[in-house]
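Below is one structure, written out as structure tokens, with a few remarks after it.
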Amino acid sequence: MTRFTVICRPNAETELAQLWLDANDRGRIANAADSIEHELRKDADAKGDATREGFRRLIVPPLSALFTVSEEDRKAIIWSFNLLAD
């Protein structure tokens, strides 16, 4: 198992905060965000699905996170959060 440091870009933090503010069930948004971060801490390079060059998407309903992995630095960088369509 490879451990990764998870970094959330400022725009992703802003998106997540807005999703949380707009949510009917804020606990569900918070839990999904926590789960995404937890998942990316361990073997981030094997998580999610490739979307476009260098980017991966991890889904933990009701959220998805777009992220990149720097294996050399052992960092997972979250670039954006999105709410899944119902």
Side-chain angles (χ1 to χ4, degrees):
M1 173 181 70
T2 303
R3 303 280 296 168
F4 286 80
T5 300
V6 179
I7 298 168
C8 193
R9 301 287 300 169
N11 65 307
E13 289 177 350
T14 300
E15 290 169 347
L16 181 59
Q18 191 61 55
L19 291 170
W20 184 83
L21 286 170
D22 294 342
N24 290 330
D25 186 349
R26 291 179 174 171
R28 191 166 178 230
I29 298 293
N31 289 338
D34 289 345
S35 292
I36 287 169
E37 184 175 339
H38 179 78
E39 285 294 316
L40 292 179
R41 282 190 205 130
K42 297 178 285 180
D43 298 325
D45 53 336
K47 302 290 172 73
D49 297 311
T51 60
R52 57 181 187 236
E53 188 174 320
F55 285 88
R56 302 186 68 76
R57 183 167 309 278
L58 179 62
I59 296 173
V60 176
L63 296 177
S64 71
L66 186 67
F67 68 98
T68 56
V69 174
S70 174
E71 293 183 45
E72 308 83 42
D73 299 332
R74 291 192 202 161
K75 292 181 183 174
I77 303 164
I78 301 173
W79 294 88
S80 68
F81 284 99
N82 290 291
L83 191 61
L84 298 171
D86 287 329

Nearest non-hydrogen partners of Pro62 and Arg28, listed with the distance
CD-CG, 3.7 Å
To check you understand the geometry: which heavy-atom pair defines the closest contact between Leu84 and Pro61, and what is its length?
CD1-CA, 3.8 Å
Can you tell me if CZ on Arg74 sees more than 12 non-hydrogen neighbours from other groups inside 6.0 Å?
no
Looking at every non-hydrogen atom in both residues, tell me the closest pair between Glu15 and Trp79 and how far apart they are.
OE1-O, 4.3 Å
Given the rule that I, L, V, M, F, W and Y join up when any side-chain heavy atoms are under 4.5 Å apart, are Ile78 and Phe4 in one cluster?
yes
Where is the tightest heavy-atom contact between Ser80 and Asn82, given as atom of each residue plus distance?
OG-ND2, 3.8 Å
Same apolar cluster (I L V M F W Y, side chains within < 4.5 Å links), Val60/Val6
yes
Considering only heavy atoms from C-beta outward, does the side chain of Leu16 approach that of Ile29 to under 4.5 Å?
yes
d(Leu58 CG, Leu63 CG) to nearest 0.5 Å is 10.0 Å
Can you tell me how far apart CD1 (Ile36) and CZ (Phe81) are? Round to the nearest 0.5 Å.
5.5 Å
If you define the side chain from C-beta out and look only at heavy atoms, does anything of Thr68 sit under 4.5 Å from Phe55?
yes
Quick check for you: to the nearest 0.5 Å, what is the distance between Ile77 atom CD1 and Thr5 atom OG1?
10.0 Å
Can a donor-acceptor pair be found, under 3.5 Å and without considering hydrogens, that links the side chain of Arg26 to the backbone of Trp20?
yes
How many angstroms lie between OG in Ser64 and CZ in Arg57, if you round to the nearest 0.5 Å?
4.5 Å
Scan residues 41-54 for pairs that pass salt bridge (Lys or Arg N to Asp or Glu O under 4.0 Å), counting only residues two or more places apart or in two chains.
Glu37-Arg41, Glu39-Lys47
